[in-house]
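Numbered from 1 within each chain, the chains take letters A, B, ... in sequence-line order.
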There are 2 protein chains.
Amino acid sequence: MTRRTFHRAPEGERRQELIEATLDSIAEFGLKGATVRQIALKAGVTAGLVRHYFDSKDQMVADAYRLVLSTFAVKAIEVDGDARARLRGFISRNLTAPVANGRSLSLWASFISQVRVDPELAAIHREGYLGFRNDLQGLIADLLAAEGKPHGEAECRRLAIAINGMIDGLWLEGCLAGELFEETELVSIALASAEALLGLPLGPLEQNTDAS
Amino acid sequence: MTRRTFHRAPEGERRQELIEATLDSIAEFGLKGATVRQIALKAGVTAGLVRHYFDSKDQMVADAYRLVLSTFAVKAIEVDGDARARLRGFISRNLTAPVANGRSLSLWASFISQVRVDPELAAIHREGYLGFRNDLQGLIADLLAAEGKPHGEAECRRLAIAINGMIDGLWLEGCLAGELFEETELVSIALASAEALLGLPLGPLEQNTDAS
DNA sequence: GCGGAAATTATTCAACCGTATAATAACGCC
DNA sequence: GGCGTTATTATACGGTTGAATAATTTCCGC
């Protein structure tokens with residue numbers, strides 16, 4: 001009848017572990033299967049601990065959604081270089097891991113299916129998605145200006161919608177059936193298609209030179 | 001303590017009502033909230049009735065997924081006319097109701113998030129999604145041939161991936177934020193983009209002349 | 001500084017209440 | 001009377017709770 005031994009996690013670490021375990025559970029078992037007990041099991045703690053770190057399970061899930069969106073949001077501003085390089089980088093980074101893989105799609109679908117139900121998730125969603133297409137539209141306007149082919153806002157908007165749609169759709173295809181594509185196939189298709197839509201060359205596929 | 005009166009539903013009708021109520025509940029409350037009680041309430045019957053028509057709740061949900069996929073699958077073969085008209089119709093029908101709306105996205109996301117978890121749903125999924133891009137690739141090959149610009153299979157595949165991605169992505173955008181777009185805006189963007197990708201004119205936006 | 005007692009708090013544990021699905025009994029229309 | 005439908009029950013599992021306890025930090029006399 002001895003109590004199970006445990007170790008006290010350092011400052012803030014356990015909270016992070018619980019959020020990660022929440023995402024793992026949702027990706028693996030769906031929202032229905034991501035019970036407090038299941039999540040605690042994955043995190044290697046007992047269920048009661050969840051409410052030591054979060055006001056409720058729902059709040060923990062909401063925090064987990066924030067984390068997902070922050071890894072998805074490859075902000076335009078995070079890409080360096082001239083207008084062309086920035087658009088290339090934006091497209092490329094949105095179509096490769098960790099943004100594009102099966103786990104991401106599972107998580108994304110799980111949360112999207114709840115956005116219409118849960119007002120708190122809806123607020124997080126709105127916040128996270130606002131600006132994604134605006135970033136892209138800004139990149140496109142910059143590029144057209146730099147190439148000496150400036151266009152009005154309406155045309156930039158149409159281009160941004162089309163290219164954004166293509167990125168989203170290729171992301172979907174990559175997540176749903178990533179094993180059917182070569183490593184860089186989707187990215188090069190996206191770049192070539194963006195060229196066709198813009199009527200501009202974007203240059204060769206950028207190699208990933210991140211130091212990280 | 002009198003028992004509530006009821007009426008016998010005609011042959012097969014009740015079953016269909018229950019499936020519709022299942023989809024309505026999933027769209028409105030998510031998979032978690034789509035309980036047998038909730039579904040029965042929406043259908044105007046009591047919970048016990050479900051097991052009279054289905055072996056279990058899971059089986060009812062699976063049947064509901066079959067219905068969703070059948071309304072999504074706008075088969076290429078269902079569109080008439082020459083190669084250009086068929087491609088136009090394929091794009092147009094996939095980007096307007098009932099395929100494209102918020103409810104469809106909620107349902108789609110709910111099921112997609114479960115496909116990796118539930119083997120039965122996975123089987124239904126595989127069956128339903130196979131062939132969508134193949135249909136599109138066939139349409140593209142036909143069109144290029146008809147226009148006297150035939151291409152090899154590899155090139156047709158690339159074009160099909162890109163255009164399919166764009167359709168999926170615009171579908172997503174339309175579902176997520178349909179109120180931000182004009183009625184036919186997404187369709188015309190898709191058609192113009194397909195023209196740019198193919199390097200071919202597709203002609204004016206087709207009016208819906210369905211007799212149905 | 002240093003060992004150990006006292007305070008703190010992270011974690012476990014067992015039980016609670018609500019609600020889910022499944023199963024079965026009771027009922028009433030055809 | 002038979003079958004479709006409802007009402008009731010059984011069983012299981014969900015999130016949450018508060019008391020008990022182990023791990024860590026703080027404090028204090030030396």
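- The shortest distance between side-chain heavy atoms of A:Phe90 and A:Leu95 does not fall below 4.5 Å.
- Residues A:Thr96 and A:Leu186 fail the side-chain proximity criterion, which asks for heavy atoms closer than 4.5 Å.
- Interface residues of residues 109-125 of chain B facing DNA chain D, ordered by number: none; criterion, heavy-atom separation under 4.0 Å.
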Can you give me every donor-acceptor pair (side chain of residues 62-69 of chain B, partner residue at least two apart or in another chain, under 3.5 Å) with its distance?
| from | atom 1 | to | atom 2 | distance (Å) |
| --- | --- | --- | --- | --- |
| B:Asp63 | OD1 | B:Arg66 | NH1 | 2.7 |
| B:Asp63 | OD2 | B:Arg15 | NH2 | 2.9 |
| B:Asp63 | OD2 | B:Gln59 | NE2 | 3.4 |
| B:Tyr65 | OH | B:His125 | ND1 | 3.1 |

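- Contact annotation: B:His52 side-chain N/O to D:dT5 OP1/OP2 distance is not under 4.0 Å.
- Taking atom CD of A:Gln38 as the reference point, atom P of D:dC13 lies 13 Å away to the nearest angstrom.
- Residues A:Arg157 and B:Glu185 are paired through a salt bridge, judged by an N-O separation under 4.0 Å between the basic side chain and the carboxylate.
- Using a 4.0 Å cut-off between a side-chain N of Lys or Arg and a carboxylate O of Asp or Glu, B:Arg133 and A:Glu173 qualify as a salt bridge.
- In this structure, A:Arg103 does not pair ionically with A:Glu28, as no charged nitrogen and carboxylate oxygen lie closer than 4.0 Å.
- In this entry the distance linking CZ of A:Phe29 with P of D:dG14 reads 12 Å, nearest Å.
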Got a list of protein N/O to nucleotides 15-17 of chain D N/O distances below 3.5 Å?
| from | atom 1 | to | atom 2 | distance (Å) |
| --- | --- | --- | --- | --- |
| D:dG15 | OP1 | A:Val36 | N | 3.4 |
| D:dG15 | OP1 | A:Lys57 | NZ | 2.8 |
| D:dG15 | OP2 | A:Val36 | N | 2.6 |
| D:dG15 | N7 | A:Arg37 | NH1 | 2.9 |
| D:dG15 | O6 | A:Arg37 | NH2 | 2.7 |
| D:dT16 | OP2 | A:Lys57 | N | 3.1 |
| D:dT17 | OP2 | A:Arg51 | NE | 2.6 |
| D:dT17 | OP2 | A:Arg51 | NH2 | 2.3 |

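- B:Tyr53 has no side-chain polar atom (N or O) that falls below the 4.0 Å cut-off from OP1 or OP2 of D:dG4.
- When the P atom of C:dA20 is taken as reference, atom CG of B:Leu41 falls 11 Å away, rounded to whole Å.
- The distance between atom NZ of B:Lys32 and atom P of C:dG18, rounded to the nearest whole Å, is 20 Å.
- Smallest separation of non-hydrogen atoms from B:Gln38 and B:Ser25: CG-OG, 3.8 Å.
- Note: CG (B:Leu49) to C1' (C:dA25) measures 16 Å, nearest angstrom.
- Here the closest heavy-atom approach between residue A:Cys156 and residue A:Leu144 is recorded as SG-CD1, 4.1 Å.
- Distance B:Met60 CE to C:dT21 C1': 11 Å, rounded to the nearest Å.
- Atoms CZ (A:Arg14) and C1' (D:dT24) sit 14 Å apart, rounded to a whole Å.
- Put simply, the side chain of B:Met166 does not reach to within 4.5 Å of the side chain of B:Ile91, judged on heavy atoms.
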